[in-house]
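Computed from a predicted structure; not experimentally measured. The analysis underlying the following values was restricted to heavy atoms, covering all of them including side chains, and did not include hydrogens, waters or symmetry mates.
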Amino acid sequence: MNTNSYFGSASDSRVMRLERVKIAFQFLLMTVCSLTIGFLISGALSDSFYEESVLGVSSHFETLFVNCGSIYDYISCIALYSIYDIICIAVIFCVSFAAFNYVATDFVLVYNGVRSGLAISFLFAFVTAERYSYGIGLGRYTVFIIFKLAILVLLFSYSYRAAVSSSTLRRTEKNGRIVINPRMALRFLLYTFANVGSVLVINGLYCWLIYSLK
């Protein structure tokens, strides 16, 4: 038995597991911290800003699917609502082939965390109409939180998978040229499409529930 080979492979496996734990911890830390920052930003907004946002909040919760008359209209509405999430997935996909993929993915996670934390905290002021002239109700607010966090978890999961897969997607030859592994790239592309589809399904369910709870 080749003990050097055995212990070498065991050591490589431990290093790989440790690297994956570090990736997950880094991305989780970025997500949680940015979510908290979003909460803090919302708390710093003035009352006048909230009052000026009543029209925008009511438009979001009252006009979803309002002008939709065909399946194409409904799909277009869902796709438009999902556009920022799809762009984030596309950015993570593209940077997965680059050497700076971790840093770029951190920026994407921070953007989504701040955006989600800000929206969740901001809309809490509109649960009832006691403070402002429009209330979304506890039911719709709860739906908003659940689906917003679902998207955040999906993007975190996709980011982790993309970071883990990045080492198998490409290799650097001795002359410094980067070579893409076509088989792994195809698998990762299909996984990316599956996540885009999941985003559309999640946001589609959200839009339908908000429309139904009016």
(message) Test of understanding: with salt bridge (charged side-chain N to carboxylate O under 4.0 Å, His left out), list the residues that count as partners of Glu19, not counting sequence neighbours.
(response)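 In terms of salt bridge (charged side-chain N to carboxylate O under 4.0 Å, His left out), with neighbours along the sequence ignored, Glu19 is linked to Lys22.
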
Roughly how far apart are [X] [atom1] and [Y] [atom2], rounded to 0.5 Å?
X	Y	atom1	atom2	answer
Tyr132	Glu52	OH	CD	11.0 Å
Leu118	Ile41	CG	CD1	6.0 Å
Leu209	Leu64	CG	CG	11.0 Å
Thr105	Phe93	OG1	CZ	12.5 Å
Tyr72	Cys77	OH	SG	12.0 Å
Asn112	Ser116	CG	OG	6.0 Å

All side chain to side chain contact (heavy atoms under 4.5 Å, CB included) counterparts of [X], not counting sequence neighbours:
X	value
Tyr74	Phe65, Cys68
Thr142	Leu138, Ile146
Tyr84	Tyr111, Arg115

(message) Which residues end up grouped with Val153 if you chain together Ile, Leu, Val, Met, Phe, Trp and Tyr wherever their side-chain heavy atoms are less than 4.5 Å apart?
(response)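 Answer for Val153: none, a lone residue.
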
When hydrophobic residues are tied together by side-chain contacts of less than 4.5 Å, even through go-betweens, does [X] share a cluster with [Y]?
X	Y	answer
Val127	Leu149	yes
Val143	Val201	yes
Ile151	Trp208	yes
Phe156	Tyr191	no
Phe193	Ile202	yes

Is any side-chain heavy atom of [X] less than 4.5 Å from a side-chain heavy atom of [Y]?
X	Y	value
Leu200	Ile86	yes
Phe122	Val57	yes
Phe144	Ile120	yes
Ile136	Ile210	no
Ile89	Asp85	no
Val108	Leu155	no
Tyr102	Val95	no

Which residues pass the side-chain hydrogen bond (donor to acceptor under 3.5 Å, both in side chains) test with [X], not counting sequence neighbours?
X	result
Tyr50	Ser42
Ser53	none
Asn195	none
Asn67	none

(request) Just do the side-chain contact (heavy atoms from CB on, under 4.5 Å) check on Leu123 and Phe61 with the steps written out, would you? (result) CA-CA 11 Å; Leu123 287 177; Phe61 285 96; 3.9 Å; yes

(message) Looking only at the aromatic ring of each residue, does the gap between the centers of Tyr81 and Tyr206 stay below 6.0 angstrom?
(response)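 Aromatic pair counts; centres sit under 6.0 Å.
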
(message) Taking the six-membered ring for Trp, are Tyr134 and Phe126 closer than 6.0 Å centroid to centroid?
(response)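 They do not qualify: ring centres at least 6.0 Å apart.
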
(message) Between Ile37 and Val110, does the side-chain contact (heavy atoms from CB on, under 4.5 Å) criterion hold? Intermediate values first, please.
(response) CA-CA 9 Å; Ile37 291 171; Val110 167; 5.9 Å; no

Shortest non-hydrogen separation from [X] to [Y] and the atoms involved:
X	Y	value
Leu154	Ser198	CD1-CB, 3.4 Å
Ala162	Ile92	CB-CG2, 3.7 Å
Leu35	Gly117	CD1-N, 3.4 Å
Ala163	Ile23	CB-CG2, 3.8 Å

(request) Can you tell me which residue pairs pass the side-chain hydrogen bond (donor to acceptor under 3.5 Å, both in side chains) test with a partner in residues 26-39, sequence neighbours excluded? (result)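 Applying side-chain hydrogen bond (donor to acceptor under 3.5 Å, both in side chains) to every pair that reaches into residues 26-39, excluding sequence neighbours, yields Gln26-Asp106.
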
(request) Return each pair, listed once, that meets side-chain hydrogen bond (donor to acceptor under 3.5 Å, both in side chains) where at least one residue sits in residues 147-163; pairs must be two or more places apart or across chains. (result)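 Sorted pair list: Tyr158-Thr192.
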
(message) Go through it in stages, so that I can follow the logic: the residues are Arg140 and Glu62, the test is salt bridge (charged side-chain N to carboxylate O under 4.0 Å, His left out), and I'd like the CA-CA distance, side-chain angles, deciding distance and then a yes or no.
(response) CA-CA 11 Å; Arg140 288 190 293 183; Glu62 301 297 335; 3.2 Å; yes

(message) Within the supplied structure, the quantity of interest is the number of heavy atoms (other residues, nucleotides, ligands) at a distance under 6.0 Å from Ile71 CD1; does it exceed 12?
(response)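 Check fails, neighbour count at 12 or below.
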
(request) For residues 91-100, pull every pair meeting salt bridge (charged side-chain N to carboxylate O under 4.0 Å, His left out), keeping only residues two or more places apart or in separate chains. (result)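 Every pair satisfying salt bridge (charged side-chain N to carboxylate O under 4.0 Å, His left out) with a residue in residues 91-100: there are none.
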
